[in-house]
2 protein chains.
Amino acid sequence: MRFVISPILAPVHTSSRDDAVLHALVDFVTGEGLRPGDRLPTERELAEHLKVSRTTVREALTRWQELGLVERRQGSGTYLKSAVTRNMLHLPLTLPSGNDFNSLMHTLEIRRGLEAEAAVLSAERASDADIAFIEQQLIRMEEAFHARHGMSADEDWDFHLAVFRTSGNPLFEQIIAAMYEMFHRFWEHPLGVRDFGHASFPYHRTLFNAIAARDPVAARAEALKLIATVEDDLRRGAANLKKQSKKS
Amino acid sequence: MRFVISPILAPVHTSSRDDAVLHALVDFVTGEGLRPGDRLPTERELAEHLKVSRTTVREALTRWQELGLVERRQGSGTYLKSAVTRNMLHLPLTLPSGNDFNSLMHTLEIRRGLEAEAAVLSAERASDADIAFIEQQLIRMEEAFHARHGMSADEDWDFHLAVFRTSGNPLFEQIIAAMYEMFHRFWEHPLGVRDFGHASFPYHRTLFNAIAARDPVAARAEALKLIATVEDDLRRGAANLKKQSKKS
DNA sequence: ATTGGCCCAATGGTCCAACCAATTTAGGTG
DNA sequence: CACCTAAATTGGTTGGACCATTGGGCCAAT
């Protein structure tokens, strides 16, 4: 006779030592009201007070470091890098991200989904100050564009970040900030396309206008058009590479 | 003049010991052709071959464990949990995620952006086999619905996962899978709404029909309508809570 | 042939004590 | 005060030891 084991029977999890350390540390940080930038107790102090070895404390802090919650400086101390709350959620994404055409296009598709949604929300919710803030970033980008006769990665990023930030949903900024490196590979390896992103320039202002006019539908449309021009650039780059490999 | 400081600007990784260990481990895994589920060398073996202490090896493996790349089983060994390539990108997101109305609504907004885009891509690219796969999950969900007279979290999740999986972009599935726990708090704490998600039921089939008909525009529209019903449920739940707190 | 108990080697988890390397701080010197 | 130096502080690394869990092999009972 073969039994179907009830799924409820599986998950007996032994609370490990370093988990306990992290829980205690959460309580300490919240209880003490520590904020990002503040310094945590030294590893030796933590080990002594928590009655565990420094090795265990270090394993726990290593985990927090990998999550970007703390930063350790040798000779100085361990510093809080992000807000810590009791019920926070860790999403360690590991993405196979190459510099090939497909990988870049995949990242753009993700960005298209998030960017369009953020544009909608920003158009619905942005305050007057938010609008002014976005416009400020837009102007900076436009000035950099004219000065360099081409897109500037940093200023362009600041503009898009401003849209995310004014969406009223902090998750957008956090997710997109974590993907910063991924998206920036476009500018690091533009696949030989000259004036990469050039075509997207005018749509930054049309997107801003839609948000400033509090028109969510138009904002989504402009955001999608903007991303579409980048996709076109990317396809041109892929075609270039193909042509070059044919020649050689 | 106020600048927007990009939240990610700390890539000044001083090439430390455990970094070197991880690089060597990447080479080993790729060179040996190890796949998820395979067993890695023991910590003592790694320490000996790499000429570092076991503590250092453990710190490195702890980092990989926190990223979800490996799983450690005491008494058994360390096992690969995810594919490892040389240029992969780690995005450790830590989101302050409560069970309050705002947090839940924020996660839904993220999901709306990703889900709508995935529906578009699935409608554009899904093969006949993909369509059949989605339909299979749809039928399973509908059967579970009729059997239980309500939405079933697992089957519902499988359906949406099928849409993401057939989008032709593996990033969608990975991101959404990482957010599984976050999205599932709807069902764990439905804020007292009876028949939570009930209203979304019919839109699963209409979404499938749009994808099967290879109609990207309709697919996006149906996906947005589906999420909108869940948002309505959520708002009802928030209203309920308000009413209850008024009573007491 | 199968089940269950038992032992034992292997493996990850924890601990300790010491030392190294980078940083900060406290004096001291001009 | 400005500048340099030495000491204290702090995270990083090492080696060794022991504990807790796992898995396999062995054996007796069924």
Side-chain angles (χ1 to χ4, degrees), chain A residues 1-3 5 9-25 28-29 32 34 36-82 84, chain B residues 10-25 28-29 32 34 36-82:
Chain A
M1 183 65 185
R2 182 172 281 270
F3 286 95
I5 305 297
L9 215 53
V12 54
H13 67 294
T14 300
S15 192
S16 61
R17 269 321 210 270
D18 45 352
D19 267 332
V21 170
L22 288 185
H23 279 130
L25 213 44
F28 176 80
V29 169
E32 213 74 4
L34 295 186
D38 290 344
R39 188 161 166 278
L40 274 68
T42 70
E43 298 176 348
R44 291 172 176 85
E45 284 174 352
L46 288 173
E48 186 181 358
H49 284 94
L50 298 175
K51 302 299 180 190
V52 295
S53 74
R54 190 158 85 97
T55 308
T56 303
V57 171
R58 279 189 59 77
E59 289 239 348
L61 287 179
T62 298
R63 292 173 48 191
W64 268 20
Q65 183 183 32
E66 197 63 17
L67 293 177
L69 278 148
V70 298
E71 179 185 353
R72 295 152 115 177
R73 286 184 232 145
Q74 187 174 171
S76 177
T78 304
Y79 298 85
L80 212 53
K81 206 173 156 189
S82 171
V84 170
Chain B
V12 277
H13 274 95
T14 50
S15 191
S16 58
R17 283 289 226 285
D18 46 355
D19 267 329
V21 170
L22 288 185
H23 278 130
L25 214 43
F28 177 81
V29 169
E32 211 76 2
L34 294 186
D38 290 345
R39 190 164 168 280
L40 294 165
T42 70
E43 298 176 350
R44 290 174 176 85
E45 283 176 353
L46 287 174
E48 186 180 359
H49 284 94
L50 297 176
K51 303 297 180 191
V52 294
S53 73
R54 187 158 86 96
T55 308
T56 303
V57 172
R58 280 189 59 78
E59 290 239 350
L61 286 179
T62 298
R63 292 174 48 192
W64 268 20
Q65 184 183 32
E66 198 62 16
L67 292 177
L69 270 107
V70 297
E71 179 185 351
R72 304 210 271 204
R73 285 185 234 145
Q74 186 174 173
S76 177
T78 304
Y79 298 85
L80 212 55
K81 207 172 155 189
S82 170

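Being a predicted model, the structure only gives us computed values, none of them experimental. Below, read A as the first sequence line, B as the second, and so on, with proteins coming before strands; counting in each chain starts at 1.
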Nearest-Å distance for atom pair CZ/C1', residues A/R17 and C/dT14: 7 Å
Evaluation steps, side-chain contact (heavy atoms from CB on, under 4.5 Å), between A/L25 and A/L40: CA-CA 9 Å; A/L25 213 44; A/L40 274 68; 4.1 Å; yes
Length of the line joining B/Q65:CD and C/dG12:P, which is rounded to integer Å: 11 Å
Spacing of A/T62 atom OG1 and A/E66 atom CD [to the nearest 0.5 Å]: 8.5 Å
What pairs of nitrogen or oxygen atoms, one from the protein and one from nucleotides 5-8 of chain C, lie under 3.5 Å apart?
none

Distance (rounded to the nearest 0.5 Å) between B/T56 OG1 and B/L50 CG: 10.0 Å
Salt bridge flag under 4.0 Å for residues B/E71 and B/K81: no
Nearest-angstrom distance from the residue atom CZ of A/R72 to C1' of C/dT23: 16 Å
Spatial distance of atom OG1 (A/T78) from atom CZ (A/R58) [nearest 0.5 Å]: 8.5 Å
Interatomic distance, B/D18 CG vs C/dC20 C1' [rounded to whole Å]: 16 Å
Short side-chain N/O contact to D/dT9 OP1/OP2 from A/S76, under 4.0 Å: no
Distance in Å, A/R39 CZ paired with A/S76 OG, rounded so as to fall on 0.5 Å steps: 6.0 Å
Members of residues 44-61 of chain B that approach DNA chain D, where some heavy atom sits under 4.0 Å away: B/R44, B/V52, B/S53, B/R54, B/T55, B/T56
Protein-nucleotide distance (B/Q74, atom CD; C/dG12, atom C1'), rounded to Å: 5 Å
Distance, nearest 0.5 Å, that separates CZ of B/R63 from CG of B/L69: 11.0 Å
Test: B/R54 and B/E43 ion pair at under 4.0 Å: yes
From B/E59 atom CD to B/L61 atom CG, the distance as rounded to the nearest 0.5 Å: 10.5 Å
Euclidean distance, atom CD of residue A/E43 to atom C1' of D/dT13 [Å, nearest integer]: 12 Å
Separation of D/dT21 P from B/Y79 OH (nearest whole Å): 17 Å
